[in-house]
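This chain uses plain numbering: 1 for the first residue, then up along the sequence.
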Amino acid sequence: VTVDELVRRFGVSAVTVRGDLDALSRGGAVIRSHGGALKRVGALQDVPINVKETLHHGEKVRIGHAAAQMIKDNETVMLDSGTTSAEIARHIKFLKLKSLTVITNALNIAMELANLPHVSVIMIGGILRQMCYSLVGPHAEHTLRGLNADRLFLGVDGLDPDIGLMTPDLLEAQLNAVMIQVSREVVVVADTSKFQRRSLSVIAKLDAGHKLITDSGANPEVLQALRARNIEVTAV
């Protein structure tokens, strides 16, 4: 539901609606999103990308900006299909680079970069997941194994120190695992809502990630535990 819909339905101000949604969010009844809220039904599983990108939007923008600053001229980087990865793609537009190659399995990310003359986009083919505009499956995995990337930016739906990096979809998890294999450096991009959260499919153990970019709302003890496992952590 959006703030505007609630204003019209109940005849109250937007300020009142936002305050009520914030209170419901603190109580665990809803998940607060940018401009509205999402009904909480047990553990948050796979949701449509247009809804997902409204969740923790400000944090994702900051993470996307920090991640994009890592990209250098003439590199080959890989972006998975996460909404945080899409924010990285949006920030790539403002980088002063002469040449960049981007490998992705996400239609929306490819379209973000399609009109940049200095960016070569390699689109991985496969089975379309309409929920998140990503391409997965054996064909996508086969294509990836013939490629190499300097750096992978990997968005995840769950990050648990004991289990690892997770996502709701099995085929997406298998493809992400191949992405890790063909990349020299793995940078996990995840806001703090993903911490200690479990999802259906395990991509890899936490140690597969070399760096983590998250938001400043992270628990310092959790960040220290991650650093103790030789993961370079940046909180923005």
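The shortest heavy-atom contact between Ala89 and Leu79 is CB-CD1, 4.1 Å. Annotation for Leu144 and Val182: closest pair O-CG1, 3.6 Å, computed over non-hydrogen atoms. Of all non-hydrogen atoms in Ala218 and Phe195, the two that sit nearest each other are CB-CE2, 4.1 Å. The nearest pair of heavy atoms linking Gly82 to Ile109 is O-CD1, 4.4 Å. The two residues Met166 and Ser199 come nearest to each other via the heavy atoms SD-N, 3.4 Å. Heavy-atom minimum distance, Ser216 versus Ala235: CA-CB, 4.2 Å.
In this structure, Leu95 CG and Lys72 NZ are separated by 9.5 Å, a value rounded to the nearest 0.5 Å. For the atom pair Asn176 CG and Ser81 OG, the distance stands at 6.5 Å (nearest 0.5 Å). Taking OG1 of Thr84 as the reference point, atom NZ of Lys60 lies at 5.0 Å (rounded to 0.5 Å). For the atom pair CE of Met179 and CD of Glu141, the computed distance is 10.0 Å after rounding to the nearest 0.5 Å. Separating the CD1 atom in Ile88 from the NZ atom in Lys93 is a distance of 14.0 Å, to the nearest 0.5 Å. The distance from the CG atom of Asp162 to the CG atom of Asp160 is 5.0 Å, given to the nearest 0.5 Å.
In this structure, Asp215 contributes its side chain and Thr192 its backbone to a donor-acceptor pair below 3.5 Å. Judged purely by atom type and a 3.5 angstrom limit, Asn105 uses its side chain to pair as donor or acceptor with the backbone of Leu135. Between the Thr16 side chain and the Val12 main chain, no donor and acceptor come within less than 3.5 Å of each other. The main-chain N or O of Arg151 is never found under 3.5 Å from a side-chain atom of Ser183 such that the two would form a donor-acceptor pair. The main-chain N or O of Glu185 is never found under 3.5 Å from a side-chain atom of His210 such that the two would form a donor-acceptor pair. Judged purely by atom type and a 3.5 angstrom limit, Gln69 has no side-chain atom pairing as donor or acceptor with the backbone of Ala66. The backbone N or O of Thr2 sits less than 3.5 Å from a side-chain atom of Glu5, completing a donor-acceptor pair. With hydrogens and angles disregarded, a donor-acceptor distance shorter than 3.5 Å links the side chain of Asp73 to the backbone of Ser99.
Between Phe153 and Val188 the shortest side-chain heavy-atom distance does not fall below 4.5 Å. Here the side chains of Thr104 and Asp80 are not in contact, with every heavy-atom distance at 4.5 Å or above. With contacts defined as side-chain heavy-atom distances shorter than 4.5 Å, the pair Ile122/Leu147 qualifies. Using a 4.5 Å heavy-atom threshold, the side chains of Val189 and Leu154 count as separate. Looking only at side-chain heavy atoms (C-beta outward), Leu226 and Leu206 come within less than 4.5 Å of each other. You'll find the side chain of Leu107 reaches within 4.5 Å of the side chain of Met123, heavy atoms only. When side chains are defined from C-beta on, Met70 counts as touching Ile213, because their heavy atoms get closer than 4.5 Å. Looking at Leu152 and Val77, their side chains never come closer than 4.5 Å, going by heavy atoms from C-beta outward.
Leu170 and Ile127 are members of different hydrophobic clusters when ILVMFWY side chains are connected at heavy-atom separations under 4.5 Å. Residues Met78 and Leu175 fall within the same hydrophobic cluster, defined by Ile, Leu, Val, Met, Phe, Trp and Tyr side chains chained together at heavy-atom separations under 4.5 Å. With hydrophobic clusters built from ILVMFWY side chains whose heavy atoms lie under 4.5 angstrom apart, Val17 shares a cluster with Leu24. Val156 and Val202 fall into different hydrophobic clusters, where Ile, Leu, Val, Met, Phe, Trp and Tyr side chains are chained together by heavy-atom contacts under 4.5 Å. By the criterion of side-chain heavy atoms lying less than 4.5 angstrom apart, applied directly or through intervening Ile, Leu, Val, Met, Phe, Trp or Tyr residues, Ile63 is not grouped with Leu159; the two fall into different hydrophobic clusters.
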For this session: Begin from the C-alpha positions of Leu212 and Glu232 and carry the test side chain to side chain contact (heavy atoms under 4.5 Å, CB included) through to its verdict.
Result: CA-CA 6 Å; Leu212 168 68; Glu232 184 181 321; over 6 Å; no

Problem set entry | Worked verdict on Asn74 versus Leu100 for side chain to side chain contact (heavy atoms under 4.5 Å, CB included) | CA-CA 5 Å; Asn74 300 311; Leu100 178 69; over 6 Å; no

Problem set entry | Intermediate values then yes/no, salt bridge (Lys or Arg N to Asp or Glu O under 4.0 Å), Arg229 and Asp207 | CA-CA 7 Å; Arg229 301 182 69 161; Asp207 299 339; 3.7 Å; yes

Exercise. Could you walk me through whether Leu6 and Val1 pass the side chain to side chain contact (heavy atoms under 4.5 Å, CB included) check?
Worked result: CA-CA 7 Å; Leu6 293 175; Val1 67; 3.7 Å; yes

Exercise. What do the steps show when you test Arg62 against Glu59 for salt bridge (Lys or Arg N to Asp or Glu O under 4.0 Å), and what is the final call?
Worked result: CA-CA 5 Å; Arg62 297 199 304 273; Glu59 291 91 336; 5.1 Å; no

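If you check the side chains of Asp169 and Thr167, you find no donor sitting under 3.5 Å from an acceptor. Side chain to side chain, Lys211 and Thr234 fail the donor-acceptor criterion of an N or O pair below 3.5 Å. Of the N and O atoms on the side chains of Glu172 and Ser201, not one donor lies less than 3.5 Å from an acceptor on the other residue.
Other residues, nucleotides and ligands contribute more than 12 heavy atoms inside 6.0 Å of the CZ atom of Arg227. For His118, the NE2 atom counts as densely surrounded, since its 6.0 Å shell holds more than 12 non-hydrogen atoms of other residues, nucleotides or ligands.
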